[in-house]
There are 2 protein chains.
Amino acid sequence: MASLRALECLVAVADSGSITQAARLLHSSQPAVSHQLATLERETGTTLLRREPRGVRLTPAGRAALADARRAIAAAASAVRSARAAGEATGGSLRLACAQSLVSVLAPVIREWHRRHPEVAITLRESTSPDELHGFIDSDEADLALMPAPVPGRFTTTAVAEEEIVLTAPTGHPLAARPAVPLEDLEGAPLVHFAPENGLSAWLDRSFARAGVRPEPVMRTAVTTAAPQLAAAGLGIAVCPVSAVSDGFPGAVRSFSPRWVRQLVAVTSAEPDPLAARFIRNLRKHGVHVPRGVRTQLAADNSTSAKT
Amino acid sequence: MASLRALECLVAVADSGSITQAARLLHSSQPAVSHQLATLERETGTTLLRREPRGVRLTPAGRAALADARRAIAAAASAVRSARAAGEATGGSLRLACAQSLVSVLAPVIREWHRRHPEVAITLRESTSPDELHGFIDSDEADLALMPAPVPGRFTTTAVAEEEIVLTAPTGHPLAARPAVPLEDLEGAPLVHFAPENGLSAWLDRSFARAGVRPEPVMRTAVTTAAPQLAAAGLGIAVCPVSAVSDGFPGAVRSFSPRWVRQLVAVTSAEPDPLAARFIRNLRKHGVHVPRGVRTQLAADNSTSAKT
DNA sequence: AGAAGCCATTCAAGAATTTTATGGCATGGG
DNA sequence: CCCATGCCATAAAATTCTTGAATGGCTTCT
């Protein structure tokens with residue numbers, strides 16, 4: 001393969017009409033350029049330029065190579081420029097993934113990011129299944145996933161925020177009578193649960209089991225935001241992240257007592273690359289907006305990147 | 001500037017997902033590739049790939065550089081391919097120039113050439129002025145010019161063909177009574193001459209002077225092919241290359257006695273480059289078709305390229 | 001004739017690349 | 001549990017490339 005240097009020499013010679021001048025342009029010596037050109041001619045098997053008393057001029061073969069040589073040089077320069085831009089968050093692309101229920105959490109961060117880094121192309125995939133999110137990272141379909149803890153240990157996680165788990169119920173429901181509800185009170189309560197493909201399903205079951213409480217599932221939905229809606233419609237209560245409760249929710253929303261929160265973490269397959277790292281910083285710094293005025297708490301300062 | 005080698009490494013790593021594999025693809029050793037990538041990362045100031053236990057994967061910055069890297073490599077390869085193609089007459093472009101009157105001589109050669117080398121882009125400029133043709137070569141606006149001898153000594157010329165100079169006259173003109181006309185007979189004859197900007201003008205004058213004969217110019221035209229037409233229309237006689245006499249010419253055409261020919265030469269600014277040289281060979285070999293059955297004679301075999 | 005500009009060649013120094021050898025780390029099988 | 005395997009990084013040596021200095025040939029201009 002022809003070296004880029006040789007192609008630069010060809011271009012410089014074409015532009016200046018002389019090897020000596022080209023050497024000056026390239027901050028090099030005349031024999032060096034001469035040699036590069038000779039090498040290129042040997043490789044192409046043709047004369048690229050005619051040597052004349054007052055300089056050189058391109059042969060048709062030289063002209064033929066010239067355009068591509070310019071392209072090659074430009075592309076190489078562009079390659080390092082693109083990489084550098086991505087490193088400085090002024091270019092490149094960032095592929096995000098997140099749990100479906102967290103889109104509303106992520107959206108304002110993305111909006112703010114895009115305002116500050118309009119050159120970075122953002123892609124967002126969402127999923128209700130933690131396994132699928134893990135798969136996105138494993139198979140390198142996403143650079144970074146935002147999802148609730150816990151996460152398998154093979155990933156690198158950065159704690160980003162905490163999200164409150166709340167009880168939702170129809171207005172006037174007995175459980176909603178108190179400002180904060182002990183988890184034990186859910187024993188036997190009619191629960192709008194989640195379908196197994198929704199990651200919340202297994203997680204809630206684990207949490208209930210750990211607390212020794214057994215609500216009564218009356219139905220299941222895969223759509224996270226649907227559960228509180230269904231509950232408000234009178235089917236029972238629902239337990240879900242506060243981010244799944246839409247603005248203008250037509251039911252009651254109550255904290256648990258004690259407050260119940262889960263970690264939101266940024267997941268990468270290893271130490272985050274510069275672009276992802278910067279996004280993660282934004283994620284933590286920018287704060288996370290959650291509907292209905294219930295503020296998701298920012299992670300404590302000591303929640304740094306950690307391979308669990 | 002990033003070396004092409006480093007970009008190749010990046011591409012190979014992206015394709016194979018591992019530095020070791022990439023090294024195999026590149027017929028190189030693993031540390032060599034590793035080192036190239038490290039250099040590239042140093043130059044771009046970012047990590048291009050994340051090292052993981054089972055290989056590596058690109059960071060966003062790596063992805064950003066990847067597309068351009070591929071382009072650069074492709075363009076570089078294309079550059080040498082283009083040059084090689086031009087050297088073998090399977091590509092490139094050839095810029096021809098010729099005396100206006102010789103278009104009819106050149107046309108069939110170009111047609112045949114184009115049939116055999118369809119990938120070579122041919123450009124043809126024409127001019128009635130030898131000086132302008134010389135200028136095309138001097139200023140590198142043309143690779144090769146076909147024109148009548150003589151040519152200033154600074155050029156390299158290759159004799160290509162001989163072209164007969166003929167007398168044209170209205171049918172029944174006294175000078176046309178004989179099958180071949182001695183040049184002396186033109187003394188005092190009414191001549192349709194050429195305008196000064198037409199190269200034939202000065203050349204004819206020189207030739208007449210050398211022969212000691214003085215025809216009587218009755219008018220002048222800059223358009224070579226117009227002279228025989230005007231002569232046939234009754235204005236007098238005309239002396240011009242046989243190639244300027246169109247097919248179906250409505251007058252008499254006579255050779256001189258002895259035959260009067262002029263050399264047609266291919267002019268280049270120096271030793272012709274491979275593509276031009278090949279075209280010149282075609283020019284000589286293919287033979288030159290001339291209207292009205294009067295064959296232009298091929299140059300003798302010993303008329304080789306020569307710096308006069 | 002001499003000066004100046006341009007290019008090719010030669011040769012030695014310097015730089016960059018590659019190889020060889022080695023070590024750390026994680027994974028998977030006996 | 002331990003070893004074999006596969007991956008990458010590092011270090012040092014060898015090789016290869018590239019460059020620079022000096023020189024000579026050529027042509028043109030003065």
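Computed from heavy atoms alone, side chains included, the values below leave out hydrogens, waters and symmetry copies.
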**Q** Take atom CZ of R5(A) and atom P of dC17(D), then tell me their distance rounded to the nearest Å.
**A** 17 Å
**Q** Assign each of R51(A) and S3(B) to its nearest nucleotide of DNA chain C by heavy atoms, then name whichever residue's nucleotide is nearer the 5' end.
**A** R51(A)
**Q** Roughly, in whole Å, what's the span from CG in L26(A) to P in dG20(D)?
**A** 11 Å
**Q** Between T128(A) and N198(A), do the side chains contain a donor N or O and an acceptor N or O under 3.5 Å apart?
**A** no
**Q** Heavy atoms from C-beta onward define the side chain here; which of dC7(C), dA21(C), dC8(D) lies closest to that of V56(B)?
**A** dC8(D)
**Q** To the nearest angstrom, how far is R24(A) atom CZ from dG5(C) atom P?
**A** 9 Å
**Q** Could you tell me whether S18(B) contacts a base, only the sugar-phosphate backbone, or nothing, with contacts defined as non-hydrogen atoms closer than 4.0 Å?
**A** sugar-phosphate
**Q** For the residue pair E52(B) / S269(A), report whether a side-chain donor-acceptor contact shorter than 3.5 Å exists.
**A** yes
**Q** Can E132(B) and S127(B) be counted as having a side-chain donor-acceptor contact under 3.5 angstrom?
**A** yes
**Q** Distance check needed: dA16(C) C1' versus L4(B) CG, whole Å only.
**A** 16 Å
**Q** How would you label the contact of Q36(B) with the nucleic acid (heavy atoms, under 4.0 Å): base, sugar-phosphate, or nothing?
**A** sugar-phosphate
**Q** Return the value, rounded to whole Å, for the distance between atom CZ of R50(A) and atom P of dC7(C).
**A** 14 Å
**Q** Quick one: label S29(B) by what it contacts on the DNA or RNA (base, sugar-phosphate, nothing), any heavy atom closer than 4.0 Å.
**A** base
**Q** Which comes earlier along DNA chain D counting from the 5' end, the contact point of P53(B) or that of Q30(A), where each point is its nearest nucleotide?
**A** P53(B)
**Q** Hey, is the side chain of T20(A) poking within less than 4.0 Å of OP1 or OP2 on dC7(C), counting only N and O atoms?
**A** yes
**Q** When we call it a touch if two heavy atoms are under 4.0 Å apart, what does T39(A) touch: a base, just sugar-phosphate, or nothing?
**A** nothing
**Q** From CZ of R42(A) over to P of dT9(C), roughly how many Å is that when rounded to an integer?
**A** 10 Å
**Q** What I want to find out is whether D138(B) reaches R57(A) closely enough, with some N-O distance under 4.0 Å, to be called a salt bridge.
**A** no
**Q** Tell me whether the OP1 or OP2 atom of dT18(C) has a side-chain N or O from S28(B) closer than 4.0 Å.
**A** no
**Q** Do D143(B) and R63(A) meet the salt-bridge criterion of a basic N to acidic O distance under 4.0 Å?
**A** yes
**Q** Could you state the NE2-C1' distance from H27(A) to dG20(D), rounded to the nearest angstrom?
**A** 16 Å
**Q** Rounded to whole angstrom units, what separation is found between the CD atom of E52(B) and the P atom of dA9(D)?
**A** 12 Å
**Q** Can you tell me which nucleotide in dT9(C), dT19(D), dA21(C) comes closest to the side chain of H35(A)?
**A** dT19(D)
